[in-house]
Amino acid sequence: MINVAFVCLGNICRSPMAELVFKDMVKQRGLELSFCVTSFGTSGCEEGSQIYPPAKRTLIMHGIAGNHVAKQITLKDIINNDYIIVMDSSNLLDLLRLTGGGFGDKIYKLCSFTDRPRDVADPWYTRDFEKAFSDISDGCRAFLEFLLKEKGEAFKYDSRH
Ligand code: 4NP
């Protein structure tokens, strides 16, 4: 079982989108039993909120359904997950502040797995939820490819059943 946590600032736009997109990709490959996927915010400002409606509408337009309730990440969540996948450099700095610089070996920016490393465009400011979705899909696809290459053996059993 690989535990993956996606992280953004508020946990109402980018990281729940990444959570649901990644779950969908994993399911399409028949690997859902191999993963536990969730998401968090570095801030508690939206704690308890549902996915922001424009983000949810964008997911639905791409055939992806699901819900999430926003929650703030704690040090325990960082310890308990194998991969902490942030959306931008600001999220990365916030997490390193929380850990005192530790756990750097399991914290990655989502689009660092792509051939065009970049921040996920923040739709809170751009209002461009399609662009955020595109960055997130690109990053999730590349992250899953990375995991399949790194941990291919671990998935053999699940993909047969
Ligand atoms: P998210 O978007 O980090 O992608 O969930 C934001 C949500 C709320 C705020 C900023 C970004 N805010 O400032 O409240």
Side-chain angles (χ1 to χ4, degrees), residues 2-28 35-147:
I2 298 177
N3 296 288
V4 178
F6 292 100
V7 176
C8 62
L9 174 66
N11 195 211
I12 57 170
C13 299
R14 294 164 294 171
S15 63
M17 287 173 89
E19 174 188 337
L20 295 179
V21 165
F22 190 72
K23 278 180 173 166
D24 185 67
M25 287 179 182
V26 158
K27 192 164 182 214
Q28 282 184 24
F35 285 94
C36 179
V37 184
T38 187
S39 64
F40 298 94
T42 56
S43 155
C45 64
E46 292 291 346
E47 186 107 22
S49 299
Q50 301 283 331
I51 300 175
Y52 190 54
K56 183 147 190 167
R57 276 197 294 277
T58 305
L59 288 169
I60 288 170
M61 280 193 301
H62 289 273
I64 296 172
N67 294 298
H68 180 76
V69 176
K71 52 192 189 289
Q72 184 174 17
I73 197 162
T74 65
L75 194 52
K76 198 170 154 196
D77 300 313
I78 294 178
I79 292 166
N80 288 341
N81 280 279
D82 303 305
Y83 292 92
I84 314 290
I85 309 296
V86 301
M87 301 297 121
D88 63 26
S89 301
S90 167
N91 307 149
L92 182 61
L93 283 175
D94 285 342
L95 285 192
L96 291 175
R97 215 169 283 130
L98 176 65
T99 63
F103 301 99
D105 56 335
K106 60 161 105 169
I107 306 175
Y108 298 84
K109 278 208 296 184
L110 180 59
C111 289
S112 70
F113 295 100
T114 73
D115 51 16
R116 197 164 62 84
R118 61 201 185 274
D119 286 349
V120 170
D122 188 345
W124 192 258
Y125 301 104
T126 65
R127 311 310 296 171
D128 190 344
F129 288 82
E130 272 301 324
K131 174 80 175 81
F133 182 88
S134 165
D135 285 347
I136 286 166
S137 298
D138 193 27
C140 283
R141 208 173 297 113
F143 175 46
L144 185 54
E145 288 306 321
F146 161 83
L147 290 174

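Indexing begins at 1, ligand by ligand and atom by atom, following the structure's order. These figures come from a predicted structure and were not determined experimentally.
Nearest protein heavy-atom contact of atom 1 (P) of ligand 1 is C8 SG, 3.5 Å. At the top of the distance list for atom 13 (O) of ligand 1, counting protein heavy atoms only, stands W124 NE1, 3.6 Å.
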Tell me, with the steps shown, if F143 and Y83 meet ring pair (Phe, Tyr, Trp, His ring centres under 6.0 Å).
CA-CA 10 Å; F143 175 46; Y83 292 92; 5.6 Å; yes
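A donor-acceptor pair under 3.5 Å links the side-chain atoms of E19 to the main chain of S39, judged by distance alone. A donor-acceptor pair under 3.5 Å is formed between the side chain of S15 and the backbone N or O of F40.
With no hydrogens or angles considered, no side-chain donor-acceptor pair links K109 and N91 at under 3.5 Å.
The shortest N or O to N or O distance between L9 and ligand 1 is below 3.5 Å. Residue contacts with ligand 1: N11 is placed with a nitrogen or oxygen under 3.5 Å of a nitrogen or oxygen of the ligand (distance criterion only).
Ligand 1 places these atoms under 4.0 Å from at least one heavy atom of C13: 1 (P), 2 (O), 4 (O), 5 (O). Per-residue contacts place R14 under 4.0 angstrom from the following atoms of ligand 1 (heavy atoms of the residue considered): 1 (P), 3 (O), 4 (O). Counting the atoms of ligand 1 from 1 in the order shown, those under 4.0 Å from a heavy atom of I12 are 5 (O), 7 (C). Near G10, the atoms of ligand 1 lying under 4.0 angstrom from a non-hydrogen atom of the residue are 1 (P), 3 (O), 5 (O).
Annotation: the span from I107 atom CD1 to S112 atom OG amounts to 12.0 Å, rounded to 0.5 Å.
Aromatic ring centroids of F22 and F35 lie under 6.0 Å apart.
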